[in-house]
Amino acid sequence: MRPHRLRLLVISFMLFLPCTGLCEGKDAGHPNGLNQPVPDQVTGACRTIAAILAVYPTMEVRKAEGPVRDVQGISERPGCRIVASGPTSGISGDIDPAEAVRSWFQGGGWMEDIRYAADGPGTTSFAFRKNRILCRVGGGAHSWIEDRESFTSERYDLEAGCVSDPDGTAPDH
């Protein structure tokens, strides 16, 4: 395996690891016994994201509620997570699913938090804040060049997570 593909896999693994155990349905409870309810506005944002992704007929979309880990601060907050995946060929010709979600945020008055922004070959990650909610989205279909030939992953994988945002403000740009 080429070093650049290995790096992409490691980064993907690190980004999607917090989803383990949360994507199968409602979480049984917080490991420390704290079982806080997910605020309605957070659940509503996740429902909308899931509905946007469900428009793509070949995408399998799963939603789960429970503690969501903030990767930077390593704190858990009540929230929800959406995991969507499907064959890349099933979305060709349509608007990229991540861009469809981004457009919804932008059109709804959400403020982008550029500290979470990153783009790679065929992938993206971004975050938006509004009304004390933070939503992060990341994924896509990895692409790479090998021996002067372009390749794209056969799977399109996207993960979104929304949590209560106690600060409720976007950073200065």
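Everything numeric in this text was worked out from a predicted model, so none of it was measured. In what follows, residues are counted from 1 in the order of the sequence shown.
- Looking at residues two or more places apart in sequence or on another chain, you find a side-chain contact (heavy atoms from CB on, under 4.5 Å) between T124 and A98, R102, D119, F126.
- With 2.5 angstrom as the limit on SG-SG distance, C135 and C162 come in below it.
- Taking the charged nitrogens against the carboxylate oxygens, E65 and K63 do have a contact shorter than 4.0 Å, which makes a salt bridge.
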- Query: Which is it for D165 and R129 under the salt bridge (Lys or Arg N to Asp or Glu O under 4.0 Å) test, yes or no, and what are the steps along the way?
  - Reply: CA-CA 8 Å; D165 183 24; R129 286 189 152 99; 2.5 Å; yes
- Residue pair E159, R81: steps toward the side-chain contact (heavy atoms from CB on, under 4.5 Å) verdict: CA-CA 7 Å; E159 180 179 345; R81 188 174 305 277; 2.3 Å; yes
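- Here the shortest heavy-atom pairing between E112 and A117 reads OE2-CB, 4.3 Å.
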Please table the atom pairs, donor to acceptor, closer than 3.5 Å between any side-chain atom in residues 38-57 and protein atoms at least two apart or in another chain.
unit_1, atom_1, unit_2, atom_2, d
T43, OG1, P39, O, 3.4
T48, OG1, G44, O, 3.0
Y56, OH, I95, O, 2.5

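- W144 and F151 have parallel rings, their planes meeting at less than 30° on a 0 to 90° scale where 60° marks the start of perpendicular.
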- Item | Derivation of the side-chain contact (heavy atoms from CB on, under 4.5 Å) call for V61 and I82 | CA-CA 7 Å; V61 180; I82 295 96; 3.8 Å; yes
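- Side-chain atoms of I91 and P97, non-hydrogen and from C-beta on, do get closer than 4.5 Å to each other.
- Using a 4.5 Å cut-off on side-chain heavy atoms (C-beta onward), L158 and V137 make contact.
- The two residues S143 and T152 come nearest to each other via the heavy atoms CB-OG1, 3.9 Å.
- Listed by chain and residue number, nothing satisfies the ring-ring contact (aromatic ring centres under 6.0 Å, His included) test with Y156 (two or more places apart in sequence, or in another chain).
- Checking side-chain atoms of S125 against main-chain N and O of Y116 turns up a donor-acceptor pair under 3.5 Å.
- Under the 6.0 Å cut-off for aromatic ring centres, F105 and W110 qualify, their centroids lying closer than that.
- Summarising the geometry of A127 relative to R136, their closest heavy-atom pair is CB-CG, 3.7 Å, with the distance given to 0.1 Å.
- The minimum heavy-atom distance between R115 and D113, with the atom names listed, is NH2-OD2, 2.9 Å.
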